[in-house]
Amino acid sequence: MNDRTIDQPLAILLELTHRCPLRCAYCSNPLALTPRAHELSTADWCAVLDQAAELGVLQIHFSGGEPMAREDLPELVSHATRVGLYSNLITSGVLLDDARLGELVDAGLSHVQLSFQGLDEVTADALSGFRGGAARKCEALARVKAAGLALTLNFVVTRQNAGQLDAILRYADEQGIARVEVANTQYYGWALQNRAALMPSLIQLEQMSQLVEAWREKTRGRMVIDYVMPDYYGRRPKACMGGWARRFLNVMPDGTIVPCHAAQTLKHLEFPRFPASTLASAWFESPAFSAYRGTDWMPEPCRSCDAKEKDWGGCRCQALALAGDAGTLDPVCEFSPKHEEMVMLALRESQSGDDRLQLRHLSFKKTGSTDAEAAL
Ligand code: FES
């Protein structure tokens with residue numbers, strides 16, 4: 001029985017696969033990836049899409065890993081279109097040739113979010129572990145534009161590429177891109193172990209904020225720039241996922257249904273899995289989804305805070321990672337007893353001089369299949 005006091009999700013992110021040709025140092029996927037043999041089948045993903053539509057979901061984000069590593073992607077997009085869902089492809093673009101893009105356009109794809117690590121090949125290659133990626137991404141961008149699809153350029157910022165922000169925004173404007181997402185690295189999964197090497201300095205942060213403001217002014221009316229600040233230098237937490245289990249859910253490659261990308265680090269919660277659980281039952285009935293939904297779970301001072309229905313208590317996964325308790329204050333909040341410690345950590349790491357990046361390893365959960373079989 002659905003609880004009618006809970007709104008249905010607006011959007012669902014389908015992590016179709018953890019396979020990916022890139023080896024990004026800032027990858028936020030878990031350390032142990034799901035191998036190909038454990039990914040949901042085409043029929044399963046179509047059933048997920050059917051349930052999403054029945055639930056009243058509006059948007060589907062096809063993600064990964066690299067979602068284009070799934071050969072059935074056009075079939076899945078076509079199914080999403082058939083059941084009335086708006087579909088967005090979140091991709092690195094390096095596998096996007098004319099033929100494959102044509103299939104996706106024919107299937108009814110509505111939007112593409114294309115990620116960049118920079119325009120300078122040396123930096124982009126060093127961050128992604130993929131040689132020649134920047135040029136491939138520029139080609140992909142031209143193809144998506146030519147196909148007439150809506151397009152968002154996503155630039156993940158690290159200490160290594162923060163200096164390229166001006167060039168990226170100029171490039172986006174020259175290309176007529178309507179929306180750019182400048183996203184500082186979120187330190188979850190693989191990215192967490194590279195934090196000291198990736199963390200931008202306070203000076204870089206100030207320069208980035210000024211640049212974003214200047215470009216917003218310069219491109220007002222033709223380009224929207226979303227700017228995601230680095231959490232560690234913030235004073236008030238972000239409303240992670242718009243609040244735990246309020247607007248969004250994710251389905252992992254093996255069908256595990258979670259309220260956010262890093263939820264499986266919360267080992268005290270048991271997350272439902274498709275097809276044993278339906279999306280509706282996960283959303284409305286699962287204890288894991290109700291654990292931090294709304295405001296009843298909040299400790300003080302969150303519970304008495306004016307912003308409690310704005311930030312929804314911040315990020316539960318970050319509270320666990322940095323304060324050791326998913327039910328306590330997100331240390332990004334200036335009222336957290338851990339806040340000063342977190343800011344000092346960011347300052348120290350950003351000046352550590354430790355620039356050694358560990359590129360993503362494809363470390364798959366043990367299933368009997370080899371990494372090579374599980375990879376692309
Ligand atoms: Fe899980 Fe923020 S990533 S709540």
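Both ligands and their constituent atoms are indexed starting at 1 by order of listing.
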So among Val182, Val157, Leu205, which one has a side-chain contact (heavy atoms from CB on, under 4.5 Å) with Met229? Leu205
Would you call the rings of His361 and Trp190 parallel, tilted or perpendicular, taking 30° and 60° as the class edges? tilted
Around atom 2 (Fe) of ligand 1, what protein N, O or S atoms are found below 2.8 Å? Cys240 SG, Cys315 SG
Could you report the tightest heavy-atom contact between Val258 and Phe289, atom names first, then the distance? C-CZ, 3.5 Å
What do the steps show when you test Tyr187 against Tyr232 for ring-ring contact (aromatic ring centres under 6.0 Å, His included), and what is the final call? CA-CA 9 Å; Tyr187 296 102; Tyr232 285 57; 5.5 Å; yes
Cation-aromatic face contact Arg293/Trp283, 6.0 Å, 45 degrees: yes
Using the side chain to side chain donor-acceptor pair (under 3.5 Å) criterion, which residues pair with Arg100? Sequence neighbours excluded. none
